[in-house]
Chemist: 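What follows is a single structure, and I will ask about it in a moment.
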Amino acid sequence: MHPAHRSNPVYALEVGRGGVKIVEKKGRIGHELATRRAPVCRPGATPGKRLQVYDAALTGDIWMQISHLYTSAEADALLPVDTAPAIRAAVRTIYTGLARPELSVKFAASDTGPALTLRVVFRDEMQGNVRDNTTHCPWLTGILPRTHPCAFAALLTEARAAGVTAVAVTSGWRPSLGSIAHRAGLGLDITYLEGGGQTVFLNRASLTNGSAAGNGNVSAREKVLWREHQDARAALLEGEQRIRIARNRASGNEEQSALELGNADARINSLRNQEDRARRAWNAERDLHEPGLIRTLRDLLGRNGSVKQLFDPWYMNADTTDKIAAVPNEQRRSNPNERLHNNHLYITVREPKIL
């Protein structure tokens with residue numbers, strides 16, 4: 001949420017060298033209050049060390065209490081000054097309370113493009129996590145207005161520029177799932193795009209899960225090339241580990257050590273070349289089938305001043321404000337964030353002093 005609305009602390013304690021561990025309670029636990037009980041001393045992992053353990057509830061209802069419910073006037077004040085009038089008016093209606101879970105924005109023809117109507121559908125999935133973890137938080141007047149206004153403005157602005165005519169939003173503010181960005185109202189999830197004759201379901205889960213939906217975004221050949229790349233990467237990592245061990249073992253027999261390391265270096269170079277070829281082949285096949293609509297929208301959002309992060313089934317960009325290019329979403333088991341974003345586009349709002 002905006003820094004102006006982060007003035008009321010929930011829990012206050014002085015953190016020592018042992019640190020603090022927070023465990024959330026999920027479920028509809030409306031009777032819990034934001035109160036901290038007296039600490040209890042317990043043995044630590046290190047012999048002779050004891051820890052002070054504080055027991056306090058952190059529930060969906062408490063997250064809801066400390067999150068900010070933006071008003072229409074606050075939303076209007078937070079939007080960039082160059083926000084198009086039609087978009088500004090549309091965003092304001094979200095914070096006055098929509099009559100139904102959708103929004104239609106009409107754009108007149110201009111020098112930058114033809115007339116266009118953009119329909120935004122807020123899908124029922126937005127309610128699931130909130131409904132399961134709060135006593136009561138109405139969808140249109142309690143969930144949607146807890147999301148930062150710039151998230152909606154960025155989506156509408158760049159969707160219009162990309163020629164998108166329909167978009168489905170499945171999550172904004174939520175209390176008990178995912179990163180702090182969603183809990184602070186700084187995240188927005190999109191699962192469907194339509195425009196220019198394209199319909200795009202943002203789902204590539206079938207790349208690593210044969211039973212999951214592919215929606216035409218993952219070819220049979222790409223699955224083979226992805227596996228070949230993962231195998232080549234694993235072989236390279238194993239080879240690099242072995243050469244590090246060999247170097248550590250090198251002793252007084254300099255001639256033998258030089259021979260072993262020389263052979264190892266040649267092997268590593270070969271493995272690197274194999275990994276590079278496999279990666280290039282997978283990249284080419286993946287990009288060949290990527291819908292142009294999501295590629296265009298991603299590029300536009302990446303240049304939007306209100307956007308900080310973009311994660312989607314094709315690419316991951318942890319910081320759109322730096323000069324580091326987005327990296328392919330490999331859906332690696334070792335990277336839960338990649339697998340989490342194999343079926344939607346995620347936008348994080350860039351709010352100073354927060355992210």
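Owing to the predicted nature of the structure, the values given are computational and were not obtained by experimental measurement.
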Chemist: With a 4.0 Å cut-off on N to O distance, would you call Asp276 and Arg233 a salt bridge?
Modeler: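 No, Asp276 and Arg233 are not salt-bridged.
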Chemist: As a quick check of understanding, evaluate salt bridge (Lys or Arg N to Asp or Glu O under 4.0 Å) for Arg286 and Glu222, giving each step before the final call.
Modeler: CA-CA 6 Å; Arg286 181 198 63 245; Glu222 187 194 347; 5.6 Å; no
Chemist: Please check: side-chain N/O of Asn209 versus main-chain N/O of Ala205, any donor-acceptor pairing under 3.5 Å?
Modeler: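 Such a contact is absent between Asn209 side chain and Ala205 backbone.
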Chemist: Parallel, tilted or perpendicular for His344 and His341, by the 30°/60° rule?
Modeler: tilted
Chemist: In terms of hydrophobic clusters joined by side-chain contacts under 4.5 Å, are Leu98 and Leu155 together?
Modeler: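 Yes, same cluster.
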Chemist: What orientation do Tyr70 and Tyr95 show, parallel under 30°, tilted 30 to 60°, or perpendicular over 60°?
Modeler: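 Tyr70 vs Tyr95 ring planes: perpendicular.
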Chemist: Looking at Arg280, I want to see if its CZ is surrounded by more than 12 non-hydrogen atoms of other residues, nucleotides or ligands under 6.0 Å.
Modeler: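 It does not: Arg280 CZ has 12 such atoms or fewer within range.
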Chemist: Going by an N to O cut-off under 4.0 Å, is there a salt bridge joining Glu194 and Arg119?
Modeler: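 Judged by the 4.0 Å cut-off on N to carboxylate O distance, Glu194 and Arg119 do not form a salt bridge.
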Chemist: The test is side-chain contact (heavy atoms from CB on, under 4.5 Å); show your working for Ile347 and Ile190 and say whether it passes.
Modeler: CA-CA 8 Å; Ile347 301 171; Ile190 294 94; 3.7 Å; yes
Chemist: Any side-chain donor paired with an acceptor under 3.5 Å for Thr320 and Gln309?
Modeler: no
Chemist: Hey, mind stepping through Glu125 and Ser171 against side chain to side chain donor-acceptor pair (under 3.5 Å) and telling me if it holds?
Modeler: CA-CA 7 Å; Glu125 293 98 301; Ser171 190; over 6 Å; no
Chemist: Does a side-chain heavy-atom distance below 4.5 Å link Asn217 with Pro291?
Modeler: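 Of all side-chain heavy-atom pairs linking Pro291 with Asn217, at least one is under 4.5 Å.
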